[in-house]
Amino acid sequence: MYLNWGVMPELPDVEILKKYLDRHCLGLKISEVKVLERRILRGTAEGKIKSMLEGRSFVKSRRHGKHLFVEIGNGSLSYIDLHFGMDGGLAFFGKEDPPPEYTRIIFRFGDNYLAYTSRRMLGGIRAITSPEDFIEQKQLGPDALSPAFTREYFLNVIAGKKTSIKAALMDQQIVAGIGNVYSDEILYQAGILPDTRAGLLDKKQSQDLYEKIEHVLKTAVRYDADGESFPRYFLLRHRHKSGNCPCGGKVTSSKVAGRTSYFCPACQK
DNA sequence: TTCCATGTTCCGCA
DNA sequence: TTGCGGAACATGGA
């Protein structure tokens, strides 16, 4: 029994949700799918999800950016795509426990069940036939922690970009998995202000930024995406109004790329 | 009461 | 045509 919702579903968080789903649910026979909120199905018919899943099991899962694809063992290959929006999560329970608040879908495995929760319902679940086709159709860029996200690719794609580097990092078509919180963290670790024009970064800055993407995301995964336990040198520990940077300066916020961004004017140039 | 929130998508403008 | 910024989406907490 473990409750996991209200997280920040960017790459590290979804990676933790993947491990959670793998640990608790793989191989269990799905006895029933209960749809409490139909809008969360994003165009997939309720009957289709039920017939696709009931009597089958989750065979394995694969994460790409903020998406979690779960393969269904039913002879022919089929998958469900889980997206967690801004506040989605998963919670696995024994049968005597009531589902948590904002549960939208329940996957029942005999006595136990997995709840998909989402308060604002900005995420969704849908049936897909192939993760590759889905990624292509959505034009998602390479996953930020996959081998496909090479330094050459990154330097190439941000060169000449007129948009802010923050917007570029959050652009899922450039690189999949980074959102508002982790883009702030990565830029802080790289010492770059979020509203810097992407194309104006010099080679050294761009290379350093590339390294920090991997460092920040991997570190976050290592700490189970639990911000409270992150190292002190992470901005995330001080990412709020009246927060103080480890350098002693004030953490500042402003709107960049339409989102509230936190940074340290002393450490980031 | 008003504002704001960690994501994505669509619309209008340059 | 393409790329960009901003609004909209849905809901609830501060």
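The sequence lines fix the lettering, A, B, ..., with proteins before strands; numbering per chain opens at 1.
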Are the aromatic ring centres of [X] and [Y] under 6.0 angstrom apart?
X: A/Phe134; Y: A/His64; result: no
X: A/Phe234; Y: A/Tyr223; result: no
X: A/Phe149; Y: A/Tyr210; result: yes

Atom [atom1] of [X] and atom [atom2] of [N]: how far apart are they, to the nearest Å?
X: A/Arg42; N: B/dT9; atom1: CZ; atom2: C1'; result: 11 Å
X: A/Arg197; N: C/dC4; atom1: CZ; atom2: P; result: 10 Å
X: A/Lys161; N: C/dG3; atom1: NZ; atom2: C1'; result: 7 Å
X: A/Tyr262; N: B/dT6; atom1: OH; atom2: P; result: 8 Å
X: A/Leu140; N: B/dT8; atom1: CG; atom2: P; result: 9 Å
X: A/His67; N: B/dT8; atom1: NE2; atom2: P; result: 6 Å

Indicate, with a heavy-atom threshold strictly under 4.0 Å, whether A/Lys255 touches base, sugar-phosphate, or nothing.
sugar-phosphate
Using atom [atom1] of each nucleotide, how far apart are [N] and [M] to the nearest Å?
N: C/dA10; M: B/dC11; atom1: P; value: 15 Å
N: B/dT9; M: C/dG12; atom1: P; value: 23 Å
N: C/dC4; M: B/dT6; atom1: C1'; value: 22 Å

Each nucleotide in nucleotides 5-14 of chain C should get exactly one letter: B, S or -. Can you fill that in based on protein heavy atoms under 4.0 Å?
S---BBBSS-
Is A/His83 close enough to B/dG7 that one of its side-chain N or O atoms is under 4.0 Å from OP1 or OP2 there?
no
Any carboxylate oxygen within less than 4.0 angstrom of a Lys/Arg side-chain nitrogen, looking at [X] and [Y]?
X: A/Lys166; Y: A/Asp184; answer: yes
X: A/Asp22; Y: A/Lys18; answer: yes
X: A/Glu132; Y: A/Arg62; answer: yes

Ordered by number, residues from residues 171-188 of chain A within less than 4.0 Å of DNA chain B (heavy atoms) are A/Gln172, A/Gly179, A/Asn180, A/Val181
Step-by-step side-chain hydrogen bond (donor to acceptor under 3.5 Å, both in side chains) determination, A/Glu185 to A/Gln189
CA-CA 6 Å; A/Glu185 186 64 58; A/Gln189 296 300 335; 2.8 Å; yes
Tell me whether A/Phe69 shares a hydrophobic cluster with A/Ile80, the cluster being built from Ile, Leu, Val, Met, Phe, Trp, Tyr side chains joined at under 4.5 Å.
no
Mind checking who B/dT2 pairs with, Watson-Crick or G-U wobble, both distances under 3.5 Å?
C/dA14
Of all heavy-atom pairs linking A/Arg63 and A/Asp143, the shortest is NH1-OD1, 2.6 Å
